[in-house]
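Everything numeric here is computed off the predicted structure, so don't read it as measured data. Lettering of chains follows the sequences in order, A, B, ..., and the numbering in each one begins at 1.
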Amino acid sequence: MENNFLSLTNVWFKYDKEWVLSDVNLKITRNRIIGVIGPNGGGKTTLLKLIAGLEKPDKGTILFHNQKPGTPETIVRIGYVPQHATVRWTFPIKVSDAILLGKIGQKGKLSTPRKEDKERLSEIAQALNIENLLEKHIADLSGGQQQKIFIARALINRPELLLLDEPETGIDVAAQDLFFATLKDIHRRFDLTIIIVTHDLSVIPKICDEIACVNNTLFHHSSPEEALTCPNFDKHYGSHLEVIIHGKNIPHRLVHEHHDDEENK
Amino acid sequence: MPSIFQYSFMINAFIGGFLIAVLCSFISFFIVSRKISFIGVGISHSAFGGLAIGLFFGFSPMISALLFAIISGIAIVSFVEKKKIQEDSVIGILFSFSMALGIMLISLKKEYSANIFGYLFGNILSVTKEDLIMYGVLALIIIIILLFYLKEFIMLSFDETYGRVLGLNMDFYNYLLTIIIAVTIIISIKLVGIILISALLVIPAATTQIWLNDYKKIIPFSIILSVIVIFSGLYISFYTKVPSGALIVIIYTAVFFLSWILSKIKK
């Protein structure tokens, strides 16, 4: 049964005439956190949209609980938080209403919140530590708070799978550790499988159980330790990079300058 | 001084005014929050060509205006959605064509000039009981649709893309809302006229949004404010003999600027 959670078999997808993803095969088991990494334009976001059912593969099959994504049955079981928030920030709506608005009822229509929806909202708000934001206007929040609201909205339908596209965007470095700790907490608390697309490799060891490396195809899928130390990793990634794995008590290091020209002389 | 309610045309005007207040204010919220006031202007002016066709060929000008308004609205939204032509270009073309068509047809039959003036600027004397029955039925249908799909229309206005993520047919709701705007404009033409209706589709929500930032409050307060303004305009116009449509728009504009100035002082 667990093997039927999510599977992509020989998936191909093209925009116009250009193949963005080719022959992707991926099996994801329940209750894991999977990081999807790869260079810009490598098809990470497209992969997430295919799993969410927002795009249909040109070839191949995607099955979530043996059903194709995008059907009314799967939509409520897959929560999706896009990379760029598309909300109209000036729209006059309270945070609590913005979250509850995403509640899908019978026949795929948005439903009026019931008692159990309001209880679910309280539960989510507590888990994400946003209880004090519920009465605020959506535009009055910081980048990190907004990201949590969109995650809360995706959780209102009690999904089993949560898809996050670069959730660290808009969150400052100091707040990122706390943000990922919160994600880890909701993963446990709500029995969620989470797929995170990110271009920030430092996210991976903080939270992920598995790593899927995508650059127009899936070129690696394993534990983070295996993937990041894989000899051909940078070749597939399409960029020269050196991964430095350090202990828990050593602070993250930032490279201020990178003089490629001088190094090449 | 004669009582205003001795005259059946004034009673008709107040009933019509109430229907317009409720409809325009409700829709005004979506027009202002989605920043699509241009659609209201485009549809209302396009209706002029429809009116002229009806008058010229001898069938109901309101029916032809309604059809013209709906087709124009759908065309505007369709072009904008497909991003084939810029929205202001589409409206500029449709707006000018429709007005030009109307003026040409009217010039061929000069006896319609007086009627056309009423449609352009509104004439409360022209609102009949038959009109009110038709408006009442249409208003009831629109209110039922707005309430039934309220959450979907809110999602369309707040986060259309997420609506699509949830599997909602946002194109359907977009076109439905456009048709509702077109029908509301046609209902309002006799009372306030084609030229002035845009004000009633923008000012109610624009005014209440100065003070409130929750749609659950903005919609009912916009309706209450519109009823007060429209009734005041009708009442004053009866005794001062000034055109009611123009007076209603002037009062509403004054209320808007007064609210805006007060809000700035309060800050």
Side-chain angles (χ1 to χ4, degrees), chain A residues 48-49 51-55 69-105 107-113 117 134-140 146 149-151 153-154 156-157 159 163 165, chain B residues 25-26 28-37 81 144-174 176-177 202 204-223 225 259 263:
Chain A
L48 224 54
K49 284 184 176 176
I51 295 170
L54 295 171
E55 302 282 4
T71 60
E73 293 78 25
T74 57
I75 281 170
V76 291
R77 298 168 83 179
I78 302 177
Y80 176 56
V81 182
Q83 183 180 355
H84 299 292
T86 50
V87 299
R88 228 174 233 111
W89 292 107
T90 53
F91 191 83
I93 190 167
K94 284 190 304 184
V95 166
S96 56
D97 288 327
I99 296 169
L100 287 166
L101 188 63
K103 176 70 183 145
I104 290 280
K107 296 179 184 172
K109 194 176 174 294
L110 296 177
S111 70
T112 303
D117 300 323
L134 294 179
E135 292 302 306
K136 287 193 173 184
H137 184 265
I138 191 90
D140 297 334
Q146 286 168 355
I149 301 309
F150 298 132
I151 292 170
R153 184 171 67 168
I156 198 73
N157 286 311
L163 308 174
D165 197 350
Chain B
S25 307
F26 211 141
S28 158
F29 170 72
F30 296 107
I31 287 178
V32 171
S33 61
R34 296 184 68 204
K35 300 187 171 103
I36 54 166
S37 54
E81 284 291 309
I144 289 170
I145 294 172
L146 283 172
L147 292 176
F148 188 73
Y149 290 123
L150 183 61
K151 291 191 175 302
E152 282 75 8
F153 289 137
I154 296 288
M155 184 62 91
L156 176 75
S157 311
F158 173 53
D159 194 349
E160 186 177 340
T161 307
Y162 195 68
R164 292 181 200 280
V165 169
L166 294 175
L168 303 173
N169 186 349
M170 298 317 279
D171 290 335
F172 166 76
Y173 297 114
N174 199 3
L176 185 60
L177 192 61
V202 174
T207 307
T208 44
Q209 281 204 37
I210 293 172
W211 299 105
L212 303 166
N213 68 354
D214 182 357
Y215 77 90
K216 289 179 176 172
K217 292 175 185 162
I218 288 170
I219 294 172
F221 273 97
S222 296
I223 292 171
L225 186 62
S259 293
S263 73

Is it the backbone or the side chain of [X] that comes under 4.5 Å from a heavy atom of chain A, or both, or neither?
X: B:R34; value: both
X: B:K35; value: side chain
X: B:F30; value: neither
X: B:Q209; value: side chain
X: B:I154; value: both

ask   = Does the ring centre of A:F91 sit less than 6.0 Å away from the ring centre of B:F29?
value = yes
request  = Considering only heavy atoms and a distance below 4.5 Å, find which of B:V32, B:N213, B:L168 pairs most often with chain A.
outcome  = B:N213
message = Rounded at 0.5 Å granularity, tell me how far CG in A:D97 sits from OH in B:Y215.
response = 5.0 Å
inquiry  = Just verifying a value: how many Å separate A:L54 CG and B:R164 CZ, rounded to the nearest 0.5 Å?
reply    = 10.5 Å
note = Comparing A:T112, A:T71, A:N157, A:V76 against chain B, the one with the most heavy-atom pairs below 4.5 Å turns out to be A:T112
Contact winner vs chain B - A:I75, A:I78, A:L101, heavy-atom pairs under 4.5 Å = A:L101
key: Heavy-atom side-chain contact between B:E160 and A:T86 under 4.5 Å   = no
